[in-house]
Amino acid sequence: MKKLDESLLSDLPPFSQLDGSQIREILDLAKTKRFEENVTVFEEGAEAERFYLLLDGTVRALHVTPEGEHVTALHVPAGQLFGFAAAFGRSTYPATVETAAEAVTLWWPMSLWPQFVARYPGFATESYRTIGQRLNEMQTRVVELSVLHVEQRVARTLLRLIQQSGRQEDGGIVIDFPITRRDLSDMTGTTLHTVSRLLSGWEKKGVVQSERKHITVCKPERLHALSEGRPV
DNA sequence: CCATTAAAAGCCA
DNA sequence: TGGCTTTTAATGG
């Protein structure tokens, strides 16, 4: 296999405190894998044999109910680890992970996780920081689901997405991966129809702009107002 | 206010 | 063409 460049990792938080030789060690243990858009990386409950670093693309963690309903828990932007079940003391993955866009990953056998944590300074603290952030996000989302109105939930979701995966463009901030009304309804606990109507309404007001699988937030301020139930 | 159902139109492989 | 995405309208909780 081709040698991986050390600069792949040196700027990412879990590895930023490591010197060149340490990053070299880590890269030499890694394997790369590319995934097409909308494919499953691993399933909830499966043996957690690998942990991944997302080099490029976006993945989402989700749960599928027995009735086949999808509930998206969170999105993971490029540069973050995912699937590190060993960090929670689990031997199986806690959620299904799918690619939201074509993705490039590095992966390591889960058996290496304890060694990484023990050997590499900063790796553990940064990984647990990531866990904390995701836990926080999931908690606030649970609260939001129960107390906020649909319009506020969808607005907040869009704001989170542009904050985590947004790319500045001339017309506004565009969500950097393909996203459908259906995806948004899975994230907000509503229906694709309601999401469609909301987006259409916002588009008329110039707050957002959307094509199929592609949403741009033109006026984040006004979206923020909407997320607090304030009229715009 | 929001979900459900139904129907139709548009986009893309 | 067939399947997926989106919009729109009607209905009902």
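Reminder, nothing fancy here: chain letters follow the sequence lines and each chain counts from 1. Keep in mind that the numbers below use all heavy atoms, side chains included, and drop hydrogens, waters and symmetry copies.
Considering only the side chain of A:Thr191, B:dA3 comes nearest among B:dA3, B:dC12, C:dT7.
Side-chain N/O atoms of A:Thr194 include one lying less than 4.0 angstrom from OP1 or OP2 on B:dA3. OP1 or OP2 of C:dT7 lies within a sub-4.0 Å distance of a side-chain N or O belonging to A:Ser200.
Residue-level contact check: A:Thr180 touches the backbone only, with heavy atoms under 4.0 Å from sugar-phosphate atoms and none from bases. At the heavy-atom level, A:Leu192 lies under 4.0 Å from base atoms of the strands shown.
Atom P of nucleotide B:dA3 and atom CZ of A:Arg197 are separated by 9 Å, given to the nearest angstrom. The interatomic distance linking A:Arg182 (CZ) with C:dT7 (P) rounds to 15 Å, in whole Å. Atoms CG (A:Leu198) and C1' (B:dC1) sit 11 Å apart, rounded to a whole Å. The interatomic distance linking A:Gln152 (CD) with B:dC2 (C1') rounds to 14 Å, in whole Å. In this structure, A:Glu37 atom CD and C:dT5 atom C1' are separated by 13 Å, rounded to whole Å. Rounding to whole angstrom units, NZ of residue A:Lys204 and C1' of C:dT7 are separated by 10 Å. Rounded to an integer number of Å, the gap from CZ of A:Arg181 to C1' of B:dA3 is 18 Å. Atom-to-atom, NZ of A:Lys213 to C1' of C:dT6 comes out at 12 Å; the value is rounded to the nearest Å.
In this structure, A:His63 places its NE2 atom where more than 12 heavy-atom neighbours from other residues, nucleotides or ligands lie under 6.0 Å away.
A salt bridge links A:Arg129 with A:Glu126; the closest basic N to acidic carboxylate O contact falls under 4.0 Å.
Taking only distance into account, the side chain of A:His193 never meets the base of C:dA9 through a donor-acceptor pair shorter than 3.5 Å.
Side-chain atoms of A:Gln164 and A:Gln80 form no donor-acceptor pair, as typed in the model, at a separation below 3.5 Å.
Between A:Phe84 and A:Trp108, the ring centre distance reaches or exceeds 6.0 Å.
For A:Arg60, the salt bridge (Lys or Arg N to Asp or Glu O under 4.0 Å) partners are A:Glu98, not counting sequence neighbours.
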